There are 2 protein chains.
Amino acid sequence: MTHSRSKYDSGCPVAYALDIFGDRWSLLVIRDMAVKGARTYGELLAGWEGISTNILAQRLKQLEQAGIVTKEKDPDSGRSFVYGLTQKGRDLAPVLIEIALWSGRYNPDPDALTGFLDKISADRTGTEARMRAGERP
Amino acid sequence: MTHSRSKYDSGCPVAYALDIFGDRWSLLVIRDMAVKGARTYGELLAGWEGISTNILAQRLKQLEQAGIVTKEKDPDSGRSFVYGLTQKGRDLAPVLIEIALWSGRYNPDPDALTGFLDKISADRTGTEARMRAGERP
DNA sequence: TTTTTTACTTGCGAAATGCAAGTGTTCGTG
DNA sequence: CACGAACACTTGCATTTCGCAAGTAAAAAA
């Protein structure tokens with residue numbers, strides 16, 4: 001088997017993607033890195049939604065294996081690691097953007113956090129370009 | 001409570017969306033309707049990935065409650081129902097498209113099913129417009 | 001009238017999730 | 001250098017969800 005498909009990957013491109021981030025947390029971890037600029041385990045743990053620590057560790061491993069996330073030692077601190085997104089991970093920017101736009105259109109919650117949405121609305125092309133370049137949007 | 005958030009919905013637009021389709025199957029069901037034109041329970045059950053019947057029933061209920069999916073009696077058959085996408089559901093077209101484009105770029109599987117991808121590549125704007133209009137792309 | 005089709009529901013073992021607590025380095029402070 | 005705090009996890013265990021198989025009910029076909 002040259003390219004082993006998982007149990008669920010039928011060969012459909014949508015299924016391939018869901019195989020990687022089709023769960024409750026993976027995309028939120030990617031969002032924390034791409035949009036909020038989270039770089040350490042602690043920052044990811046303290047995200048808005050409150051992922052539990054074992055799940056976060058597992059997801060980071062999976063995303064690393066999938067080539068979405070990188071993990072390196074922090075040169076300035078022996079106990080810290082720096083997580084980051086690969087180009088493959090940063091290229092999920094359009095997916096995050098379209099999801100956010102869709103939610104902006106249909107989420108009835110008046111208290112929704114619109115920071116990211118505002119950025120996209122103001123300058124979608126620029127926001128996407130910055131995310132793809134690994135900068136904070 | 002006017003707008004009850006689920007356990008995980010932090011108010012972030014990405015979290016709102018994942019609350020609705022952030023699982024293994026929901027987006028595949030939506031894809032089957034939006035891309036493949038599946039309209040009955042049986043057609044959805046016979047999809048590429050092989051969802052089990054209890055999960056399909058549960059997801060259809062949830063998606064109906066979320067205002068993504070409609071369910072009506074088939075006027076031509078007393079035992080059949082016709083499932084469809086609402087505008088909210090059809091407006092997920094850009095999300096499906098971006099996911100497919102991303103997979104097309106990064107999926108190493110040479111046997112990947114590229115039907116949808118080919119359509120997007122040939123005419124993205126038209127494909128999206130047809131999906132939004134409820135036609136088969 | 002019997003069989004088949006369609007759309008589910010139910011039961012149950014297996015797997016994933018969530019929470020709390022614990023572990024092993026490393027760094028700052030006295 | 002000792003000691004506590006910080007960081008990045010791991011482990012255990014109860015709860016929830018999933019997945020497969022089998023069963024059910026009503027309508028249509030034979």
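Computed from a predicted structure; not experimentally measured.
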So, is Trp25(B) near the phosphate of dG19(D), with a side-chain N or O under 4.0 Å from OP1 or OP2? yes

Return the value, rounded to whole Å, for the distance between atom CG of Asp76(A) and atom C1' of dA6(D). 16 Å

Donor-acceptor under 3.5 Å (Ser10(B) side chain, Trp48(A) main chain): no

Atom-pair distance (CZ on Arg24(A); C1' on dT16(D)), nearest Å: 14 Å

Which residue lies toward the 5' end of DNA chain C, Gly78(A) or Gln58(A), if each is placed at its nearest nucleotide? Gln58(A)

How is Asn54(A) classified with respect to the nucleic acid when contacts are heavy atoms under 4.0 Å: base, sugar-phosphate, or nothing? base

What is the distance, to the nearest angstrom, from the OH atom on Tyr83(A) to the P atom on dA8(D)? 8 Å

Can you tell me which nucleotide in dA20(C), dC27(C), dA8(D) comes closest to the side chain of Phe81(A)? dA8(D)

Regarding Ser26(A) and Asp23(A), is there a side-chain donor-to-acceptor distance under 3.5 Å anywhere? yes

Between Arg59(A) and dT17(C), is there a contact of a side-chain N or O with OP1 or OP2 at under 4.0 Å? yes

Rounding to a whole Å, what distance do you find between Ile55(A):CD1 and dC19(C):C1'? 10 Å

Looking at every strand, decide which applies to Lys71(A) at a 4.0 Å heavy-atom threshold: base, sugar-phosphate, or nothing. sugar-phosphate

Where do Asp111(B) and Arg5(A) land on the salt bridge (Lys or Arg N to Asp or Glu O under 4.0 Å) test, with the steps shown first? CA-CA 11 Å; Asp111(B) 299 326; Arg5(A) 281 183 196 162; 5.0 Å; no

Nearest atoms (heavy-atom pairs only) where Ile99(B) meets Pro13(A): CG2-O, 4.5 Å

Which of dA21(C), dT9(C), dG18(C) is nearest the side chain of Thr53(A)? It is dA21(C)

A cation-pi test, strictly: NZ or CZ of Lys71(B) under 6.0 Å from the centre of the six-membered ring of Phe81(B) and no more than 45 degrees from its axis. Yes or no? yes

Any side-chain N or O of Lys61(B) below 4.0 angstrom from OP1/OP2 of dT9(C)? yes

Report which part of the nucleic acid Ser80(A) touches: base, sugar-phosphate, or nothing (heavy-atom distance under 4.0 Å, all strands). sugar-phosphate

Separation of Glu72(A) atom CD from dA8(D) atom P, in whole Å? 14 Å

Side chain of Arg79(A), base of dT26(C): donor and acceptor closer than 3.5 Å? yes

Counting only side-chain heavy atoms from C-beta out, which of dA7(C), dT10(D), dC19(C) sits nearest to Lys7(B)? dC19(C)

Select base, sugar-phosphate, or nothing to describe what Glu43(A) touches, counting heavy atoms under 4.0 Å on all strands. nothing

Atom pair distance, as rounded to whole Å: CD in Glu49(A) and C1' in dT17(C): 16 Å

Starting at CG of Asp74(A) and ending at P of dA6(D), how long is that distance when rounded to a whole Å? 17 Å

Expressed as a whole number of angstroms, how long is the span from Leu56(B):CG to dG19(D):P? 12 Å

